2 protein chains.
Amino acid sequence: MRGIISDLDGVAYRDDHPILASVQAFQAWHQQGVPYAFVTNNSTKSAAQFAAKLSGMGIPATAAQVFNTISAVTFLLQQRWPRGTPVFATGEQPLLEALELSGFRLTETNAEVVVLGFDSRLTYAKLRTAIRAALAGATVVATNPDVLTPVHDGYDPCVGVLTAAVTAAVPTAVPIVVGKPDPFMIKQALGHLGTSKQETVMIGDQIKTDIVAGQAAGLRAVLLASDVPFNAVTGVVPDLVIASLLDLVASPAEETGAFR
Amino acid sequence: MRGIISDLDGVAYRDDHPILASVQAFQAWHQQGVPYAFVTNNSTKSAAQFAAKLSGMGIPATAAQVFNTISAVTFLLQQRWPRGTPVFATGEQPLLEALELSGFRLTETNAEVVVLGFDSRLTYAKLRTAIRAALAGATVVATNPDVLTPVHDGYDPCVGVLTAAVTAAVPTAVPIVVGKPDPFMIKQALGHLGTSKQETVMIGDQIKTDIVAGQAAGLRAVLLASDVPFNAVTGVVPDLVIASLLDLVASPAEETGAFR
């Protein structure tokens with residue numbers, strides 16, 4: 001095993017609480033020179049903010065190692081729509097700023113694209129603006145499909161419930177969902193690592209996003225069992241199930257027994 | 001035709017704009033002594049407030065003639081849950097007040113019932129409270145299934161999108177939907193009129209709510225064609241389609257030609 005691509009929430013930490021064994025595993029890989037990167041469906045922080053959060057927990061990380069749905073969404077939009085296209089977006093400040101920096105015009109009227117990102121300040125008015133734009137024919141892009149996100153005291157509703165609300169009102173809107181299970185971010189991370197598919201693993205705690213995305217990118221996919229239900233998908237089987245990230249750490253002189 | 005049960009929005013008025021032919025029709029029925037009542041999925045106003053709105057538009061109406069989802073929801077809750085049951089509700093003030101007056105305790109924690117009503121002040125926090133209660137096993141009750149409601153400048157998202165959001169996050173929650181197409185309010189209105197099913201018609205502008213509910217209650221159902229799409233339901237055929245409520249008004253000396 002030469003390269004590691006890892007989910008964040010549920011693998012490195014849960015909400016703001018580091019998972020101790022995971023911190024130790026990444027520290028070991030850092031010392032051993034095993035390259036790693038992070039992929040997350042979370043669009044509420046920039047790559048630099050995620051790296052700072054990881055570093056603060058003791059996991060060595062830089063912004064270059066983090067791939068999230070903010071850059072994935074702006075990449076998609078830049079591929080398909082010209083600069084200046086009017087976009088209505090729900091989301092936290094880092095997503096909104098990235099859209100503006102990418103050349104799009106944030107607006108509440110006549111939007112051609114509706115971007116649905118996690119928004120803790122969601123209001124009825126924002127929901128109405130999104131639905132009216134979709135009714136008028138705007139393309140709907142969601143940062144990720146997750147309906148719930150685990151937090152320290154339970155679950156919070158995530159972007160998937162917003163997408164469900166919009167498509168309930170506008171059944172003709174078929175949203176483009178950017179994050180995992182789409183393998184795009186995994187492929188970006190693999191390009192950063194420079195390792196081959198065969199020698200790189202994807203680690204996650206959710207079958208329907210992490211494992212599906214990892215295998216779709218051609219990687220072996222490892223499920224870290226956690227107290228969060230992993231949401232089985234019929235027919236999708238992880239290449240390995242582990243109880244701790246330390247189970248993947250090789251002793252200094254040998255490769256890990258799990259993958260040779 | 002001896003009795004009339006009519007939808008409000010899309011039949012008597014659209015948003016705050018009276019439909020002139022409908023005003024004239026209800027005035028004629030009032031003068032002719034044809035009894036009528038109103039049924040609406042709208043939970044944002046009390047019966048008295050709806051009656052005042054109708055009177056202000058020139059349609060003679062009293063609170064006793066109006067049946068809406070506020071009383072339907074409180075009736076359902078009182079049938080199934082004891083006084084004092086903790087309830088979390090989204091909705092406008094009249095719904096919240098009616099729930100409290102009916103003996104339920106409004107709360108954001110440990111709710112046993114989640115009532116989803118139209119709420120123009122919906123926030124992420126309210127959505128999270130509803131979803132967390134549903135995750136913990138609360139029964140979900142929605143005032144009505146409508147996903148969009150027509151307003152003067154287009155459509156606004158309605159309760160159905162909120163129900164879609166909650167069930168996307170909690171697929172095991174199977175909401176009880178109180179309003180039309182359930183025939184409950186139609187039966188209440190029929191009881192008020194005191195007319196027989198055979199001689200009473202249900203008038204509405206939506207097949208999947210008004211026509212389905214009217215026919216389920218055993219009434220003939222009349223579709224008033226409007227500029228709002230009527231949302232066909234395969235196999236459900238109105239007993240009559242009209243372009244104006246005046247088409248149902250008999251001249252003083254004869255019955256209407258439409259229904260004998």
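On a predicted model such as this, the values are computed, not experimentally measured, just so you know. Chain A is the first sequence line, chain B the second, and so forth, proteins listed ahead of strands; every chain is numbered from 1.
Of the possible polar contacts, one joining the Thr69(A) side chain to the Asn41(A) backbone as a donor-acceptor pair under 3.5 Å is found. The closest donor-acceptor contact from the side chain of Asp9(B) to the backbone of Asp15(B) lies under 3.5 Å. Side chain of Tyr13(A) to main chain of Ser22(A): no donor-acceptor pair is present (N/O by atom type, distance under 3.5 Å, no hydrogens or angles). No donor-acceptor distance shorter than 3.5 angstrom exists from the side chain of Asp7(A) to the backbone of Gly204(A), with no hydrogens or angles considered. Counting only distance, with no hydrogens or angles, the side chain of Asp239(A) and the backbone of Val222(A) share no donor-acceptor pair below 3.5 Å. A distance-only check finds a donor-acceptor pair linking the side chain of Lys126(B) to the backbone of Arg121(B) [under 3.5 Å].
Rounding to the nearest 0.5 angstrom, the gap separating the CG atom in Leu224(A) from the CD1 atom in Ile19(A) is 6.5 Å. Residue Asp205(A) holds its CG atom at 7.5 Å from CG of Leu223(A), rounded to the nearest 0.5 Å. Residue Lys45(A) holds its NZ atom at 9.5 Å from CG of Leu8(A), rounded to the nearest 0.5 Å.
Highest contact tally toward chain A, considering only Asp146(B), Thr163(B), Asp153(B), is held by Asp153(B) [criterion: heavy-atom pairs under 4.5 Å]. Top candidate by heavy-atom pairs under 4.5 Å with chain A, chosen from Thr123(B), Leu127(B), Asp156(B), is Asp156(B). Chosen from Ala169(B), Ala164(B), Gly154(B), the residue pairing most often with chain A at heavy-atom distances under 4.5 Å is Ala169(B).
Remark: Asp16(B) engages Lys53(B) in a salt bridge, criterion side-chain N to carboxylate O under 4.0 Å.
Residue Ala47(B) comes nearest to Asn68(B) through the heavy atom pair N-ND2, 4.5 Å, listed as atom of the first residue, atom of the second, then distance.
There is no contact between Val159(B) and chain A, counting heavy-atom distances below 4.5 Å.
Contacts of residues 106-120 of chain A with chain B at a heavy-atom distance below 4.5 Å involve Phe118(A), Asp119(A), Ser120(A), listed in sequence order. Contact residues of residues 128-137 of chain A toward chain B are Arg128(A), Ile131(A), Arg132(A), Leu135(A) (heavy-atom distance under 4.5 Å).
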